[in-house]
Student: 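Below are the structure tokens for one structure; questions will follow.
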There are 4 protein chains.
Amino acid sequence: MPRLPTATKEDTLIETRQRLLETAAAEFASNGFASANINHISTLAGYAKGTIYNYFPSKRSLMLALIDEIGAKHTNFIVTQVMSADDPVQRVRQFFHAGFAFVEQNPLQARIAISIVYGHDEEFKQRIYQTYERLFNLIIQDIVESGITHGDFKTIDSSATAGMLMSLYLGSCSQLDSDGKIFFDPGQVAAFALEGLQLRG
Amino acid sequence: MPRLPTATKEDTLIETRQRLLETAAAEFASNGFASANINHISTLAGYAKGTIYNYFPSKRSLMLALIDEIGAKHTNFIVTQVMSADDPVQRVRQFFHAGFAFVEQNPLQARIAISIVYGHDEEFKQRIYQTYERLFNLIIQDIVESGITHGDFKTIDSSATAGMLMSLYLGSCSQLDSDGKIFFDPGQVAAFALEGLQLRG
Amino acid sequence: MPRLPTATKEDTLIETRQRLLETAAAEFASNGFASANINHISTLAGYAKGTIYNYFPSKRSLMLALIDEIGAKHTNFIVTQVMSADDPVQRVRQFFHAGFAFVEQNPLQARIAISIVYGHDEEFKQRIYQTYERLFNLIIQDIVESGITHGDFKTIDSSATAGMLMSLYLGSCSQLDSDGKIFFDPGQVAAFALEGLQLRG
Amino acid sequence: MPRLPTATKEDTLIETRQRLLETAAAEFASNGFASANINHISTLAGYAKGTIYNYFPSKRSLMLALIDEIGAKHTNFIVTQVMSADDPVQRVRQFFHAGFAFVEQNPLQARIAISIVYGHDEEFKQRIYQTYERLFNLIIQDIVESGITHGDFKTIDSSATAGMLMSLYLGSCSQLDSDGKIFFDPGQVAAFALEGLQLRG
DNA sequence: CATGAATGAGGATTCATTCAT
DNA sequence: TATGAATGAATCCTCATTCAT
């Protein structure tokens, strides 16, 4: 049915797989993994029930593939933009800007990632942590430790600080107003992360 | 089986309900709402399948009752301790101390609360936001705005700041090490919230 | 609760039983036996769940007791009025008049009786046929055969004719208009039974 | 298991549906709707539990589909045969002959129809009345009113008379002897309907 | 590769019934 | 005798998965 005559066989395979991952994202984002309906996913993608099993051996493995995809995309998106700045302070700002932009451009994927991070499924959690390892390392080394070395940041526990930056990021970008837009401004959050609440003496 | 001959009828009712809520917390915390098994809950509580329906009309309403309980307990726990300090800066520290203590003492309840806040079920989300309204108001008024008035904090958007403090709290207290202990130290997080990353000039 | 202080113990027993039978009639009439809820019955009667089992060993036996009561009442009601007429033709008219009057005065009981007669439960059917035996005999002997003997009626199969009269009765009295009133007039039905459709040559 | 390799897909679908409707008829006829077991139906039809839900969204909708089928078949069967006679008196006889023949050939379906007409489920009742509308109109116009016009029948209320004919039909065809055969002879019932009990002067 | 009918384990929910008080 | 908390068998329905076509 969705057969593009000009595409090679392999292209078609990849396209179908991609289409399935996209509709899976929609379904998982709105219903969560356990309540998601595999039938909806293939139907929405324009395929029959069974097709999904030609691409993924199970519902769970579909989710795992989706997690991998989301994690890679999310990480790439942020890493690229953070590294385009040289100054650690600028990198913090870039981190929140890029992070929020990703959420705005990929709301379904972001919702899935966040609900997994804060959810109860240990396998999914492990998997998403793996895919975010590069992002964590970036924050630890290229943001926090780099900032300490540069004399911009306090000599703080870099790993814990990375965790707090991630918490701040994931928490604030999941607070949406009634239109589904992120409630916060990335600059605001970056300022909070950099300067905190207190007035400087 | 759980027939306490010395207890009055009403006491028994309340005890049974409480027992069911506790085992429900365990089940919901480890499996999430959709994957939780109502039979497990009653069986773990020492009752037969049907008993739960003498107390709650449905699985969903059991969850809602649990949310109400968790929200009230969580809010009370934190509000009481925050208000025991007078100084806004101290209150921020108290907020994280009390918050982390609650999570340590009620890990199941905390997991449920966090997974709902960052999850996909809109009804549960709304319900938990309701129960946390008092806590939000506390952060806005008695921490942030009070700190601004006292000249301790910058003149920041108090509502957004409250959201960031909550994000920081929920995010950091849900990062556990391999023993299930919270990875962070509340003082550390409070310091981050108060002072941020940057060195003061 | 429904405790009349002036009544003797036995009276109370009988009254309670009666009250239970009445509310049972309401429940069985509107929901049918299988869908009837035993709890509704006792609650509507003003008693607790368990009380019904002090009077009837099971839901089924409650229905059987109700069938007995309905059958006896129905039979008595019609037999008495039919026998008050001497002429077989008049008796036919009385049969329909009395029968329709019973239905009007006891709509719930009538509904139950009719749904059992045309229903699928063999035990209930047998039981209601037993309680209607006297009524059948009345129609056969004191209406049809008596009419044949008197020279009023054709020499027809009296047993089959009794069945047709009952069919006509039960069928027409269960056709209700939108107000729940019987759609037919007993005189009309009696005339049909006596004279049929055809014009007399 | 019921994989007919020679049949087209659509044929298989229709056959399976038909098979399910037939076994459903057996189950509903012997146990009534509320006590019928959906698993029995599919198992008896040679399918697994879930298969029925590929064809009917619920037990209730299965019954509704069955009602539609029964009503259509029943109506067609009688209408065709009644209209094959021209004389209203003959049509009355045909009505009972055809009606009784239908019951003999479709005992399960007939039982279901009758128990619904005289049962307590309003939705089922409404549905079956809809499917019998054509039959009612036939009796009113093409039997009774036609008979009045021809000068064969008295000038009676045609709608009420139709109701009485239906009552007589449904009531008498549901009286079975111990072998499950209809107790009455259609000619006998037709004679009763045409001439009544009384001797003609 | 795509299909979709069939499967059947799994799970929420109902409710007649019991029995200790 | 009346109560109502507890029971657990029974049953509808869902849906991930299989597999013949």
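Each chain gets a letter, A, B and so on, in the order its sequence line appears, and its residues count up from 1.
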Student: Have a look at D:A36 and say if it touches a base, only the backbone sugar-phosphate, or nothing, with a 4.0 Å heavy-atom cut-off.
Tutor: sugar-phosphate
Student: Calculate the interatomic distance between B:K59 atom NZ and E:dT14 atom P; express it in whole Å.
Tutor: 14 Å
Student: Judged by modelled atom types alone, do B:E69 and B:Q18 share a side-chain donor-acceptor pair under 3.5 Å?
Tutor: yes
Student: Scan residues 24-32 of chain D against DNA chain F and write down, sorted by residue number, each residue with any heavy atom closer than 4.0 Å; if none is found, say none.
Tutor: none
Student: Please confirm whether the backbone N or O of B:G119 pairs with a side-chain atom of B:K125, one donor and one acceptor, at under 3.5 Å?
Tutor: yes
Student: Got a second to check how far B:L20's CG is from B:I41's CD1, nearest 0.5 Å?
Tutor: 8.5 Å
Student: So which one's nearest nucleotide on DNA chain F is more toward 5', C:I52 or A:A34?
Tutor: C:I52
Student: Taking 4.0 Å as the cut-off, does a side-chain nitrogen or oxygen of D:N37 come that near to OP1 or OP2 on F:dC12?
Tutor: yes
Student: List the steps, then state whether side chain to side chain contact (heavy atoms under 4.5 Å, CB included) holds for C:I116 with C:F33.
Tutor: CA-CA 9 Å; C:I116 284 173; C:F33 176 72; over 6 Å; no
Student: Quick check: on DNA chain E, is the nucleotide nearest C:R60 upstream (toward 5') of the one nearest D:N54, or the reverse? Name the residue that is more 5'.
Tutor: D:N54
Student: In terms of side-chain heavy atoms of A:L13, which of E:dT3, E:dG8, E:dC1 is nearest?
Tutor: E:dC1
Student: Answer yes when D:R127 and D:D121 have at least one side-chain N-carboxylate O distance shorter than 4.0 Å, and no when they do not.
Tutor: no
Student: A:K49 side chain N/O closer than 4.0 Å to the phosphate oxygens (OP1, OP2) of E:dT3?
Tutor: no
Student: Treating B:E27 as the side-chain partner and B:N37 as the backbone partner, does any N or O pair qualify as donor plus acceptor under 3.5 Å?
Tutor: yes
Student: Could you state the CD1-P distance from B:I41 to E:dG11, rounded to the nearest angstrom?
Tutor: 12 Å
Student: Going by an N to O cut-off under 4.0 Å, is there a salt bridge joining B:R19 and B:E22?
Tutor: no
Student: Heavy-atom nearest nucleotide on DNA chain E for D:G50 versus C:I38: which residue maps closer to 5'?
Tutor: D:G50
Student: Output the single nucleotide from F:dC13, E:dT13, E:dT7 whose closest atom is nearest the side chain of D:Y53.
Tutor: F:dC13
Student: Taking only Watson-Crick and G-U wobble pairs with both distances under 3.5 Å, what dot-bracket line describes DNA chain F, where [ ] shows pairs that cross earlier ones and | shows pairs with another strand?
Tutor: .||||||||||||||||||||
Student: Between E:dA6 atom P and D:N39 atom CG, what is the distance in whole Å?
Tutor: 16 Å
Student: State whether A:R111 and B:E122 are salt-bridged, where the test is any N-O pair (Lys NZ or Arg NE/NH1/NH2 against Asp/Glu carboxylate O) under 4.0 Å.
Tutor: yes
Student: So which nucleotide from F:dA2, F:dA16, E:dC15 ends up closest to the side chain of C:Y55?
Tutor: F:dA2
Student: Using heavy atoms to find the nearest nucleotide of DNA chain F for C:A48 and A:S58 separately, return the residue whose nucleotide is more 5′.
Tutor: C:A48
Student: Does A:R60 make a cation-pi contact with A:F124, if we ask for NZ or CZ under 6.0 Å from the ring centre and within 45° of the axis?
Tutor: yes
Student: Can you check whether C:T16 has a side-chain N or O nearer than 4.0 Å to OP1 or OP2 of F:dT1?
Tutor: no
